[in-house]
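Each remark here refers to the structure printed beneath this line.
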Amino acid sequence: QVQLVESGGRLVQPGESMNLSCAASGSILSLRVMGWYRQAPGKQRELVVTWTLGDNIDYGPFMKGRFAISRDNIKNTVSLHSSNLKPEDSAVYYCYARGMTEAGTDFNAWGQGTQVTVSS
């Protein structure tokens, strides 16, 4: 079983920057994708940014430029770096990972989510 634990969500003022972190643990043999999605009230979950094996970075619409991703391959962690936050960035941010377990099975895992609120 694979677990993802996010941290760093908080109340920030418009224009501020913020970092979120996610740590993956459990029976992980390899990770193929790690990244971040978000979901605002009344809206569908949307892609923010993901890292894919081979160091490919994929951004959701209108995300590039204000969001960036970094990953620690040894610790199996991924971080989301955001700048110039706007009220419309308020959402629950979810960590996501896909890979293979030590048992040789594929997995898709989601974190429990961390709340980010951008408000003055």
Side-chain angles (χ1 to χ4, degrees):
Q1 191 173 359
V2 176
Q3 299 84 33
L4 303 179
V5 178
E6 304 106 332
S7 61
R10 59 185 176 89
L11 173 65
V12 297
Q13 295 203 349
E16 287 189 344
S17 299
M18 183 191 63
N19 295 328
L20 301 178
S21 296
C22 172
S25 62
S27 179
I28 299 171
L29 177 64
S30 63
L31 287 164
R32 291 195 290 270
V33 180
M34 281 195 85
W36 295 90
Y37 288 73
R38 70 184 187 183
Q39 188 168 19
K43 295 187 178 181
Q44 289 189 328
R45 191 171 296 190
E46 61 178 350
L47 169 67
V48 180
V49 60
T50 57
W51 165 91
T52 302
L53 189 64
D55 288 333
N56 296 311
I57 306 297
D58 295 309
Y59 293 91
F62 310 111
M63 302 296 179
K64 193 171 185 178
R66 294 193 302 117
F67 294 93
I69 191 170
S70 63
R71 184 169 175 268
D72 186 320
N73 294 337
I74 303 241
K75 296 181 179 179
N76 283 340
T77 61
V78 66
S79 296
L80 178 67
H81 311 284
S82 55
S83 61
N84 191 24
L85 286 166
K86 304 175 181 180
E88 51 265 40
D89 294 317
S90 298
V92 178
Y93 283 70
Y94 295 92
C95 181
Y96 169 76
R98 184 168 79 238
M100 182 171 287
T101 68
E102 293 176 343
T105 57
D106 292 332
F107 73 85
N108 287 278
W110 291 92
Q112 80 285 355
T114 185
Q115 178 70 48
V116 173
T117 302
V118 184
S119 175
S120 56

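Computed over heavy atoms, backbone and side chain alike; hydrogens, waters and symmetry mates excluded. What you see is a predicted model; the values in this text were computed from it and never measured.
Side-chain contact between Gln3 and Gln1: present, with at least one pair of heavy atoms (C-beta onward) separated by less than 4.5 Å. Annotation: side chain of Thr50 is not in contact with side chain of Trp36 (no heavy-atom distance under 4.5 Å).
Partners of Tyr96 according to the ring-ring contact (aromatic ring centres under 6.0 Å, His included) rule, which considers only residues two or more places apart in sequence or in another chain, are Tyr37, Trp110. Partners of Phe67 according to the ring-ring contact (aromatic ring centres under 6.0 Å, His included) rule, which considers only residues two or more places apart in sequence or in another chain, do not exist here.
For the side-chain hydrogen bond (donor to acceptor under 3.5 Å, both in side chains) condition, the pairs that include at least one residue of residues 54-63, sequence neighbours left out, are Trp51-Asp55.
Residues Met34 and Asn76 share a closest heavy-atom pair of CE-O, 4.0 Å. Of all non-hydrogen atoms in Ser21 and Ser79, the two that sit nearest each other are OG-OG, 3.6 Å. The heavy-atom pair separating Val78 from Cys95 by the smallest distance is CG1-SG, 3.9 Å.
In the hydrophobic clustering of ILVMFWY residues, with side-chain heavy atoms under 4.5 Å counting as a link, Leu4 and Met100 come out apart.
Residues Ser17 and His81 bring no donor and acceptor atom of their side chains to less than 3.5 Å of each other. Looking only at atom types and distance, the side chain of Gln112 has a donor-acceptor partner in the side chain of Glu6 under 3.5 Å away.
Not one N or O on the side chain of Thr117 forms a donor-acceptor pair closer than 3.5 Å with the backbone of Ser90. Put simply, the side chain of Thr114 gets close to the backbone of Gly9: a donor and an acceptor are under 3.5 Å apart. Side-chain atoms of Arg32 do not come within 3.5 Å of backbone N or O of Leu53 as any donor-acceptor pair.
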